[in-house]
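Beneath this line is the structure, given in structure tokens, with notes to follow.
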Amino acid sequence: MKAFLAASTLALLAACTSAPATSATETPAETRRAIIQLLTTQTAAWNRGDVANFMKGYWESDSLVFIGKSGLTYGWQPTLDNYRRSYPNPAAMGQLRFANLRVTPDGPDAAHVVGQWHLTRPGLGDLQGQYLLVMRRLNGQWVIVADHSS
């Protein structure tokens with residue numbers, strides 16, 4: 001009986017911790033490409049002055065966390081509101097460029113990205129910094145669930 005309980009417990013634990021079959025088939029290289037594509041799409045939206053489409057790369061949840069110079073912001077809508085307040089028009093937004101990206105898969109449905117950002121803003125002064133993004137694949141799509149930008 002003890003052997004049966006031990007085997008059952010191990011089988012249940014394995015079932016609870018294994019990744020869905022659809023995400024386990026993606027290679028680390030495919031994960032990196034998918035995340036780079038997401039960041040490229042975000043960059044294009046930002047450079048068009050389209051904050052709403054830029055935000056499509058973020059998890060639309062109250063659990064999203066953004067850590068920046070003003071502290072912690074929880075939630076997708078407050079993060080969007082902060083972006084709109086800080087960058088009220090295309091001139092303030094400037095042109096975004098990411099550099100020195102390092103995408104590291106942390107499992108079949110998790111990854112993190114380290115990189116640098118730079119905003120070219122003629123007449124307003126350029127801005128730049130570094131960031132760490134925590135990425136998750138949710139409902140088959142990669143999204144940013146945490147963003148620590150400095």
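Residues take their numbers from the sequence shown, with the count starting at 1. Excluded from the calculations below are hydrogen atoms, water molecules and symmetry mates; all remaining heavy atoms, backbone and side chain alike, are included.
- The minimum heavy-atom distance between Leu64 and Ala146, with the atom names listed, is CD1-N, 4.2 Å.
- Counting heavy atoms of neighbouring residues, nucleotides and ligands inside a 6.0 Å radius, atom CG of Asn53 exceeds 12 of them.
- Among all heavy-atom pairs drawn from Gly57 and Gln42, the shortest one is CA-NE2, 3.9 Å.
- To the nearest 0.5 Å, atom NE2 of residue His118 and atom CD of residue Gln95 are 12.0 Å apart.
- Under the 4.5 Å side-chain heavy-atom criterion for Ile, Leu, Val, Met, Phe, Trp and Tyr, Ile144 and Trp59 are members of distinct hydrophobic clusters.
- Among residues at least two apart or in separate chains, ring pair (Phe, Tyr, Trp, His ring centres under 6.0 Å) pairs with a member in residues 128-150 are Phe98-Tyr131.
- Residue pairs meeting the salt bridge (Lys or Arg N to Asp or Glu O under 4.0 Å) criterion with at least one member in residues 66-87, sequence neighbours excluded, do not occur.
- In this structure the side chain of Asp106 never reaches within 4.5 angstrom of the side chain of Val134, judged on heavy atoms.
- Residue pairs meeting the ring pair (Phe, Tyr, Trp, His ring centres under 6.0 Å) criterion with at least one partner in residues 73-95, sequence neighbours excluded, are Trp46-Tyr83, Trp46-Tyr87, Phe54-Tyr83, Phe66-Tyr83.
- For the side-chain contact (heavy atoms from CB on, under 4.5 Å) with Thr104, the qualifying choice from Arg32, Met135, His112 is His112, the only one to do so.
- The shortest distance between side-chain heavy atoms of Trp117 and Leu96 falls below 4.5 Å.
- Rounded to the nearest 0.5 Å, atoms NZ (Lys56) and OG1 (Thr41) are 10.5 Å apart.
- The neighbour count for Gln116 CD, taken as heavy atoms of other residues, nucleotides or ligands under 6.0 Å away, is above 12.
- Here the side chains of Leu127 and Arg121 are in contact, with some heavy-atom distance below 4.5 Å.
- At a cut-off of 3.5 Å, with distance as the only test, a side-chain donor of Thr31 or Glu26 sits close to an acceptor on the other residue.
- When all heavy atoms of Ala111 and Pro105 are compared, the pair lying nearest together is CB-CA, 3.8 Å.
- To the nearest 0.5 Å, the span separating CG on Leu138 from OG on Ser61 amounts to 9.0 Å.
- Using a 4.5 Å cut-off on side-chain heavy atoms (C-beta onward), Thr73 and Val65 make no contact.
- In plain terms, the two heavy atoms of Arg136 and Ala110 that are nearest each other are CD-CB, 4.3 Å.
- Here the closest non-hydrogen pair linking Ala92 and Asn89 is N-OD1, 2.8 Å.
- In summary, of the residues considered (Leu101, Leu132, Ile36), a side-chain contact (heavy atoms from CB on, under 4.5 Å) with Val113 occurs for Leu101 alone.
- Linking Ile, Leu, Val, Met, Phe, Trp and Tyr residues whenever their side-chain heavy atoms come within less than 4.5 Å leaves Val145 and Ile35 in two separate clusters.
- Counting heavy atoms from C-beta on, the side chains of Val51 and Leu80 come closer than 4.5 Å.
- Nearest approach of Met55 to Thr79, heavy atoms of both residues: CE-CG2, 3.9 Å.
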